[in-house]
Amino acid sequence: MASNEETPAAVPEQLYHTTLTVIDFHKDTSGSTRDVYVLGTHTTLQAAKAFTLKALETLGYSPDDFYTYKVRTAADSEDWPYGDGVHVYAKAPASQEFLVGIDTKPNTEDLPNGPNNTPLLPRDYTHLHYVIQNKTDYNQDTNNRNYQSSEIEGCYVHRADAIDAAKALLAGDKTEFAQYDERDTNVEGGQWPFGDDVVVHAVAETGENYTVAVRTVPGAHEKYKKISKAH
């Protein structure tokens, strides 16, 4: 007799996050300051690679919107100047550069495979919350690749879990920092100069500057979607 039970969806060990790195020369003319967001998450590398090719389209852009638009191919493996993990490079007229890449991380939430090789979220949840740590080493020259680095430290279904993880990330070393600021996420408004999505800011005795932010795909769209010109 056939069973009516559904086969549980497979749970992948890894998740493949499509990242958007924005270099804004209006904010920093040296181009050394980079902001990292996530535009999508997939359960297979093949699906993530396919998504990178249309990731900027999800923000409303087309290749014609950019002065330069480059897609990495197999022939570019040795002569690709935009970074090992970068699959698409675009230079916008508004003094911005967009780098679309893939960051592979463990599936710590044990999210099962869902439609179109994306994580299957619980009912009534539409997006993940990403904990992103940024480190800026002011001891390095701004042209040095070690000057600034960003890392996805985890992704969570519930925002509260992401905030807890963000606050815990550097808390064990709190006493070793020359400055350590933690945002009270239960209080709206107030003076917080480190960014709306930043939860922790810290400065090491040796000068390195850290921020830990909680970001979402809708947040990235709100910040960087193409603004249509009124006719």
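For the numbers below, each heavy atom of this structure counts, side chains included, while hydrogens, waters and symmetry mates do not.
Partners of H129 under the ring pair (Phe, Tyr, Trp, His ring centres under 6.0 Å) rule, at least two apart in sequence or in another chain, are H127. Taking Y156 as the reference, nothing meets the ring pair (Phe, Tyr, Trp, His ring centres under 6.0 Å) condition, with sequence neighbours excluded. In this structure, the side-chain contact (heavy atoms from CB on, under 4.5 Å) partners of T21, at least two apart in sequence or on a different chain, are R34, V36, L99. Looking at residues two or more places apart in sequence or on another chain, you find a side-chain contact (heavy atoms from CB on, under 4.5 Å) between T73 and A75, D76. Checked against salt bridge (charged side-chain N to carboxylate O under 4.0 Å, His left out), D164 has no partners two or more places apart in sequence or in another chain. With sequence neighbours left out, the side-chain contact (heavy atoms from CB on, under 4.5 Å) criterion links D173 to E176, F177. Every side-chain contact (heavy atoms from CB on, under 4.5 Å) that P63 has, sequence neighbours left out, goes to Y69.
A side-chain donor-acceptor contact under 3.5 Å links T41 and H17. Looking at E208 and T206, their side chains do bring a donor and an acceptor atom within 3.5 Å of each other.
Residue V217 belongs to a hydrophobic cluster whose other members are L15, V38, L111, L121, Y125, L128, Y130, I132, I152, V157, with links defined by side-chain heavy atoms closer than 4.5 Å. The hydrophobic cluster around Y16 extends to L45, I102, counting ILVMFWY residues whose side-chain heavy atoms fall within less than 4.5 Å of a member. Through side-chain heavy atoms spaced under 4.5 Å, either directly or across other Ile, Leu, Val, Met, Phe, Trp or Tyr residues, V11 is tied to no other residue.
Considering every non-hydrogen atom in both P93 and Y67, the closest pair reads CA-CE1, 3.4 Å.
At least one side-chain heavy atom of Y180 sits less than 4.5 Å from a side-chain heavy atom of V200. Contact annotation: the side chain of V131 never approaches that of C155 to less than 4.5 Å [non-hydrogen atoms, C-beta and beyond]. Contact of the L120 side chain with the P115 side chain is registered, since non-hydrogen atoms from C-beta on lie closer than 4.5 Å.
Note that CG of D184 and NZ of K167 are 6.0 Å apart. Values are rounded to the nearest 0.5 Å. Taking CG of N113 as the start and OG1 of T118 as the end, the distance is 7.5 Å to the nearest 0.5 Å. Rounding to the nearest 0.5 Å places CG of L20 at 10.5 Å from CZ of R215. Rounding to the nearest 0.5 Å places CD of Q133 at 8.5 Å from NZ of K135. Rounding to the nearest 0.5 angstrom, the gap separating the NZ atom in K91 from the CD1 atom in I23 is 10.5 Å. Separation of atoms NZ (K174) and CD (Q179) is listed at 13.0 Å; rounding is to 0.5 Å.
Proximity of the aromatic rings of Y37 and Y224 is defined here by a centroid distance below 6.0 angstrom, and this criterion is met.
Under the 4.5 Å side-chain heavy-atom criterion for ILVMFWY residues, no single connected hydrophobic cluster contains both V22 and F25.
Residue pairs meeting the salt bridge (Lys or Arg N to Asp or Glu O under 4.0 Å) criterion with at least one member in residues 96-114, sequence neighbours excluded, are K105-E151.
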Please assess Q148 against T136 for the test side-chain contact (heavy atoms from CB on, under 4.5 Å), listing each intermediate value before the final yes or no.
CA-CA 4 Å; Q148 186 177 15; T136 304; 3.8 Å; yes
Between F66 and Y61, does the ring pair (Phe, Tyr, Trp, His ring centres under 6.0 Å) criterion hold? Intermediate values first, please.
CA-CA 9 Å; F66 300 99; Y61 294 98; 5.3 Å; yes
Can you give each donor-acceptor pair under 3.5 Å made by side-chain atoms of residues 47-60, sequence neighbours left out, with the distance rounded to 0.1 Å?
| unit_1 | atom_1 | unit_2 | atom_2 | d |
| --- | --- | --- | --- | --- |
| T52 | OG1 | K49 | O | 2.6 |
| T58 | OG1 | A55 | O | 2.5 |

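Note on ring orientation: taking the six-membered ring where Trp is involved, the planes of H201 and F194 are parallel (angle under 30°, cut-offs 30° and 60°).
Counting only distance, with no hydrogens or angles, the side chain of D161 and the backbone of H158 share no donor-acceptor pair below 3.5 Å. Using a distance-only test at 3.5 Å, with no hydrogens or angles considered, a donor-acceptor pair links the side chain of W80 to the main chain of V86. Proximity of a side-chain donor or acceptor of R159 to a complementary backbone N or O of V214 within less than 3.5 Å is not detected.
Exactly one of N134, D197, V198, L169 qualifies for a side-chain contact (heavy atoms from CB on, under 4.5 Å) with V212. That residue is L169.
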